[in-house]
Amino acid sequence: MRRLRACLGAAAAVTLAAAGTTALVASNASGATTALSNRWYAAAPYLMPLDNDPPDPGAIMDATGLKAFQLAFILAPNGGGCSPTWGGTAPVSSDTAVQSTINTIRAKGGDVSISIGGYGGTKLGQACADPASTAAAYQQVITKYGLHAIDFDLEEPEYENTAAIHNEIGAAKILQQNNPGLYVSVTTAGTADGTGWFGKQMLLEAKSQGFTPNNFSIMPFDGGFNGAASQTSALTNFNSILQSTFGWDQATAYAHEGFSGMNGRSDTGEIFTQADFQTVLDYATSHNMDRFTFWSLNRDRQCSPPDNGGRTSGTCSSVAQSDWDFAKYSVKFAGATPPSTTPTPTPTPTPTSCKTAWSASAVYTAGNEVSYGNHNWKAKWWTQNEVPGASQWGPWQDEGAC
């Protein structure tokens with residue numbers, strides 16, 4: 001399962017990003033911006049701005065030269081309805097916290113894509129009645145943040161729902177038509193053969209609707225993969241699927257193909273090191289692929305101990321690394337050269353005090369706070385004997401270091 005990613009689960013995703021010609025972003029009075037080049041949106045790694053101990057995007061930009069971020073995740077409201085929220089709980093319409101993060105990135109010459117879906121929660125494709133209403137909900141996100149990029153991360157169980165995927169692909173087509181120049185990418189689960197039955201059904205849905213995005217990406221992890229060789233083999237096989245589905249030649253298929261990886265230790269215990277990322281990057285660039293991204297920047301730092309006791313984390317990679325090692329491969333894919341020297345680090349803020357220690361025997365209800373593993377945690381609902389941080393989609397919300 002992708003997205004401990006740090007959301008758990010491997011499945012399907014769709015990326016929408018706006019085309020652009022300039023390398024800098026400048027805000028205007030309406031909140032719209034001048035776009036980055038397409039390559040930056042195609043290279044943007046995922047960042048959870050409200051969960052999983054969010055890193056400072058400005059510090060990442062200074063250290064690596066990264067300009068684009070994929071912010072996650074937009075979901076339907078937990079209580080039901082067809083309106084966009086952050087994580088199912090924070091309405092986009094009244095958001096100020098994520099807007100502040102976006103302002104920080106844009107002030108430093110960068111920009112964002114916003115990601116739809118993920119592994120947990122109810123997706124708008126499931127909640128909305130049809131493609132038009134689904135697209136209208138996503139248009140609110142585009143308008144609110146003046147976006148040039150939006151990413152649809154469609155995962156199980158949604159991508160196993162024919163009606164939901166019809167809504168999502170239909171919405172993508174509508175947004176592409178209504179937002180001239182929109183750069184569109186569709187990402188689905190990766191398997192050793194390229195993608196599985198549901199991924200192929202998604203491709204056929206796009207074909208049946210006459211929807212041609214800039215690329216289709218796969219996520220070759222959490223499926224029995226073992227390092228870069230297994231991932232590049234899957235990318236080669238996926239290329240053949242694109243050829244046979246759409247009638248493209250090999251070069252055209254590669255120009256419409258993308259990679260979405262997971263840095264460090266995956267949810268199922270696979271290990272993808274910096275060397276693996278370099279190998280896949282070389283493959284992607286030599287085959288003129290259109291996208292190279294990963295989950296996630298929240299994880300692009302070393303755990304303590306480095307292997308995290310053999311566990312997968314949403315806030316560190318579980319492999320030996322320097323901070324933001326994996327982000328530098330995204331910078332290279334975008335065509336830029338990461339800084340050769342390490343800038344002065346951003347001062348680490350003084351940790352907040354720790355709440356009362358979590359107890360396996362205690363009963364907790366929504367809003368109760370505890371400390372565990374030098375982090376504070378808040379209960380999302382009733383829980384007992386569920387370890388904080390054991391699952392991204394469990395009952396505990398990470399409130400940061402203490």
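The figures here come from the full heavy-atom set of this structure, side chains too, leaving out hydrogens, waters and symmetry mates.
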* Asked: Would you say the side chains of Asp222 and Ser266 form a donor-acceptor pair under 3.5 Å?
  -> yes

* **Sidechain-backbone polar pair: Asn38 side chain, Ala42 backbone, donor-acceptor under 3.5 Å** => no

* Sequence neighbours left out, what passes ring pair (Phe, Tyr, Trp, His ring centres under 6.0 Å) with Phe259? Give chain and number order. => Phe292

* To do: Answer yes if the side chains of Asn167 and Gln126 hold a donor-acceptor pair under 3.5 Å, and no otherwise.
  => no

* To do: Establish, from distance only, whether the side-chain atoms of Asn239 and Thr236 form a donor-acceptor pair under 3.5 Å.
  => no

* For Gln209 and His166, test the side chains for any donor-to-acceptor distance below 3.5 angstrom and give the result as yes or no. => yes

* Asked: Do Ser133 and Asp130 get their side chains close enough for a donor-acceptor pair, meaning under 3.5 Å?
  -> yes

* Can Tyr46 and Asp151 be counted as having a side-chain donor-acceptor contact under 3.5 angstrom? -> yes

* To do: Look only at the side chain of Asn237 and the backbone of Ala192, and say whether a donor-acceptor pair between them is shorter than 3.5 Å.
  => yes

* Consider only side-chain N and O atoms of Asn179 and Gln139, and report whether a donor and an acceptor are under 3.5 Å apart. => yes

* Mind checking whether Phe216 and Phe246 have ring centres under 6.0 Å apart? -> yes

* To do: Would you confirm whether Asn368, through its side chain, and Thr365, through its main-chain N or O, come within 3.5 Å as a donor-acceptor pair?
  => yes

